[in-house]
Amino acid sequence: MNKATIRQILLITDGCSNAGEDPVAMAGLAKEEGFSVNVIGIMDEGDEDERGMTEVEQIAKAGGGMSDVVYAKHLSHTVQMVTRKAMTQTIYGVVNREIQQILGANRQVEDLEPEKREELMEVVDELGETANLDILILVDTSASMKNKIPRVQEALLDLSLSLRSRSGENHFCLYSFPGKREEVERLLSWTPEMDSLKGAFKKLSSSGVTPTGPAIMEAIRVHSKRMKRGFTGDETAYFEESGM
Amino acid sequence: MRQPTSKNQACNFRPGQMIKGRWHGNQYQIVRLLGEGAIGKVYLANRTGQPVAMKVARESMSVSSEVRALRQISKVRGVSLGPFFVDMDDLEGAHGSTSFYVMEYIDGEPFLSFINKRGKEWMALFLIQLLTDLSALHESGWVFGDLKPENLIVTQKTPSLRWIDVGGMTKMGRSIKEYTEFFDRGYWGLGDRKAEPSYDLFAVAMLIMNVGYPKRFQRINGGKKELLDKLKHQPSLSPYRDVIVKAIEHRYDDASQMKVDLMKVMKKKLTVSTPEKMHVRMKPTHKKRAHKRVSNVRMERKYKGTLETAVFSSFLLFLYILYLLG
């Protein structure tokens with residue numbers, strides 16, 4: 001059976017990047033490579049940082065993903081919603097491109113009769129349920145994030161619960177930035193067992209720098225490496241078939 | 001969820017605005033905004049003088065997916081909980097096309113506020129009605145998903161329960177599309193998010209908890225003990241204790257089992273408030289004969305003319321409705 005794999009980068013941060021490459025540009029690059037970048041911004045109550053939140057939106061937009069800005073206590077629900085919506089969006093995007101090829105360049109799903117679209121949605125839902133998902137999680141662990149890390153951990157465990165309820169396979173890996181010695185540090189390599197992240201956050205460094213751009217760059221590298229090793233890539237960017 | 005601003009504006013209609021569908025050509029006049037949800041906005045609108053509800057989404061795929069759920073509900077025999085589907089179309093605008101769908105406008109009072117005003121005894125009645133319909137829905141291969149008081153409305157004339165948001169409806173075996181934390185077993189660490197009957201039944205149990213705790217409560221660590229403690233500290237929930245516990249332990253395989261247990265609770269409550277006689281009335285066999293008894297008893301008791309009778313007969317009315325629901 002042929003199974004599609006959806007590849008996502010999930011970035012969880014609380015503010016502005018201040019070191020290295022521009023994260024918006026890096027997100028654009030990720031999109032070109034076939035990975036969608038979804039961003040969750042965490043706000044402190046009573047302290048809505050406009051600049052940081054604009055960056056969150058811009059990164060997601062450039063990365064072809066979804067974004068949301070929430071208080072830490074709403075993190076769990078948001079992380080799973082954003083991930084889910086982004087998956088549907090990715091599949092929808094692929095279906096849309098297929099339709100353009102069949103119907104001609106200027107026509108999209110929206111140009112189909114509403115009733116036909118309904119049938120199409122069934123296909124999109126089915127694919128979203130059965131597709132494999134590779135999700136690379138990038139967590140901002142700069143000083144201001146320190147008290148939010150328990151919430152982040154809780155949200156990621158909750159995400160894994162939602163994803164495990166699908167019938168497709170899921171693989172996660174976890175990186176934090178800034179790392180102890182380098183800009184980005186690996187906390188967990190690819191695994192289907194998200195539960196192993198309990199404790200992964202224990203040994204974190206606190207630092208004022210937030211190298212979001214370099215973190216996304218590392219995420220692209222890690223994703224690409226896995227893609228080359230495990231699968232025979234083809235021209236469909238987000239979505240590739242592997243004989244299984 | 002944050003969306004590009006242009007898409008957000010596309011959902012904004014003003015009162016009086018005329019909306020004409022691109023595909024089916026039906027015309028609607030916007031009356032007012034009814035509410036705002038995760039995927040878009042709901043307006044009250046007029047279609048040739050008839051009030052209808054119009055849901056406008058930021059993404060056309062959400063419209064397609066909800067309409068599919070609405071059509072599914074209408075296929076389920078005997079289930080009248082959901083709004084009837086009327087139309088689905090696109091509006092051509094400056095920002096491109098915007099998808100919307102039109103459904104029956106259900107006028108009524110939100111579930112919780114109705115129960116607060118009219119009394120807790122209504123809860124069991126509505127839940128039994130809800131479980132009857134859930135049972136039929138589950139049999140058709142679907143799970144409701146996002147079950148919560150905000151999605152339930154009590155209609156005015158003859159109080160009955162309807163649901164107004166089908167965004168969470170999920171095919172059996174898939175992962176739940178949409179949920180609300182308090183009603184989600186995953187949030188409490190008491191199960192996964194696979195669409196199966198027991199997922200909905202957990203939410204029904206939390207619905208009862210919500211009646212006991214109108215402001216809900218925060219999760220501390222999650223787990224069964226936390227919910228059981230809450231249950232213990234709200235005496236008004238004690239009659240429902242066993243039903244709630246069974247539902248959160250996933251001991252009900254289908255809605256009808258939970259319904260039977262809830263009916264037992266009601267029966268017990270009635271026996272307590274009015275001794276003798278109630279046993280006869282509740283025997284589930286001989287439905288027709290039981291009917292007669294109900295009305296006979298009502299006649300007899302009327303003569304006594306006490307306050308108790310008034311309360312009592314309203315219970316009988318519920319029973320009557322129950323029998324009608326079958």
Side-chain angles (χ1 to χ4, degrees), chain A residues 38-41 53-54 56-57 60-61 66-70 73-74 76-78 80-82 84-89 91-93 95-96 108-126 128-130 154 157-168 170, chain B residues 1-5 21-24 38-39 58-72 85 87-90 92 96-102 169-171 173-182 184-196 199 218-219 221-222:
Chain A
N38 304 303
V39 194
I40 315 276
M53 297 319 137
T54 313
V56 162
E57 224 172 284
K61 213 173 169 190
M66 315 280 286
S67 68
D68 204 354
V69 176
V70 292
K73 62 179 176 193
H74 296 137
S76 295
H77 194 244
T78 308
Q80 84 72 39
M81 278 278 282
V82 164
R84 184 181 185 97
K85 286 212 166 183
M87 281 177 72
T88 312
Q89 193 192 39
I91 297 166
Y92 194 75
V95 171
N96 213 351
Q108 307 182 350
V109 176
E110 275 72 14
D111 294 313
L112 289 173
E113 284 164 55
E115 288 75 15
K116 295 243 167 67
R117 253 182 267 161
E118 243 179 281
E119 289 167 33
L120 206 66
M121 242 354 254
E122 168 59 26
V123 178
V124 171
D125 273 1
E126 179 67 30
E129 185 66 29
T130 54
E154 181 189 299
L157 287 172
D158 189 83
L159 173 66
S160 93
L161 181 76
S162 273
L163 294 178
R164 272 204 312 264
S165 303
R166 306 184 318 124
S167 44
N170 309 293
Chain B
M1 195 143 315
R2 295 218 164 168
Q3 307 285 341
T5 2
R22 165 190 175 190
W23 298 92
H24 305 139
I39 71 155
R58 296 181 197 101
E59 288 148 18
S60 80
M61 58 180 174
S62 335
V63 167
S64 308
S65 144
E66 289 203 17
V67 166
R68 210 153 52 83
L70 273 185
R71 284 196 212 272
Q72 187 56 40
F85 171 74
D87 189 13
M88 163 174 56
D89 217 321
D90 297 335
E92 295 290 341
S97 95
T98 306
S99 294
F100 65 86
Y101 70 91
V102 181
M169 253 180 75
T170 309
K171 235 184 197 172
R174 289 187 181 167
S175 61
I176 293 289
K177 266 196 185 149
E178 221 174 282
Y179 62 83
T180 303
E181 287 183 340
F182 185 80
D184 165 49
R185 65 185 187 188
Y187 173 74
W188 292 102
L190 294 169
D192 59 14
R193 299 202 173 104
K194 234 185 193 7
E196 53 191 27
Y199 185 89
Q218 291 286 319
R219 177 186 67 180
N221 297 310

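Order of the sequence lines sets the chain letters (A, B, ...), proteins ahead of strands, with each chain counted from 1.
Atom-to-atom distance recorded for Q218(B):CD and K73(A):NZ is 7.0 Å, nearest 0.5 angstrom. One finds the CD atom of E113(A) at 10.0 Å from the CZ atom of R22(B) (value rounded to the nearest 0.5 Å).
Counting heavy-atom pairs closer than 4.5 Å to chain B, the top-ranked of the candidates V70(A), V56(A), L112(A) is L112(A). Interface check for chain B: of the options S162(A), A60(A), P114(A), S76(A), the most heavy-atom pairs under 4.5 Å are formed by P114(A).
At a 4.5 Å heavy-atom cutoff, the contact between E129(A) and chain B is made by side-chain atoms alone. Both the backbone and the side chain of R166(A) come within contact range of chain B, each with at least one heavy atom under 4.5 Å from a heavy atom of that chain. Neither the backbone nor the side chain of I40(A) comes within less than 4.5 Å of any heavy atom of chain B. For D111(A), the parts lying near chain B are the backbone and the side chain together; criterion is any non-hydrogen pair under 4.5 Å. The part of E154(A) that comes within reach of chain B is its side chain, from C-beta onward, which places non-hydrogen atoms under 4.5 angstrom from that chain. Heavy-atom distances place the side chain of Q80(A), and not its backbone, under 4.5 Å from chain B. Contacts between T170(B) and chain A at a heavy-atom distance below 4.5 Å are absent for every atom of the residue. Contact annotation for K171(B): only side-chain heavy atoms (C-beta onward) come within less than 4.5 Å of a heavy atom of chain A. With a 4.5 Å cut-off on non-hydrogen atoms, Y179(B) touches chain A through its backbone and its side chain both. Contact of D192(B) with chain A is made through backbone and side chain together, with heavy-atom distances under 4.5 Å.
Exactly one residue among D125(A), T88(A), V124(A), V95(A) makes a side-chain contact (heavy atoms from CB on, under 4.5 Å) with M61(B). That residue is T88(A).
In this structure, E122(A) and S65(B) have side chains that are not in contact, with every pair of non-hydrogen atoms separated by 4.5 Å or more. Contact of the K194(B) side chain with the R164(A) side chain is not registered, since no non-hydrogen atoms from C-beta on lie closer than 4.5 Å. For the pair R174(B) and E126(A), the minimum side-chain heavy-atom distance is below 4.5 Å.
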(request) Starting from the C-alpha separation in whole Å, work towards a yes-or-no answer on side chain to side chain contact (heavy atoms under 4.5 Å, CB included) for E118(A) and R71(B). (result) CA-CA 11 Å; E118(A) 243 179 281; R71(B) 284 196 212 272; 2.9 Å; yes
(message) One pair to check against side chain to side chain contact (heavy atoms under 4.5 Å, CB included): D158(A) and E181(B). What are the steps and the verdict?
(response) CA-CA 11 Å; D158(A) 189 83; E181(B) 287 183 340; 5.8 Å; no
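Counting all heavy atoms, side chain and backbone alike, K85(A) lies closest to I39(B) at NZ-CG2, 4.3 Å. Taking both residues in full, the closest heavy atoms of S64(B) and M121(A) are given as CB-CG, 3.4 Å, listed atom of the first, atom of the second, then distance. The two residues S60(B) and R117(A) come nearest to each other via the heavy atoms CB-NH1, 3.8 Å.
In this structure a side-chain-to-backbone donor-acceptor pair under 3.5 Å is present from S165(A) to R193(B).
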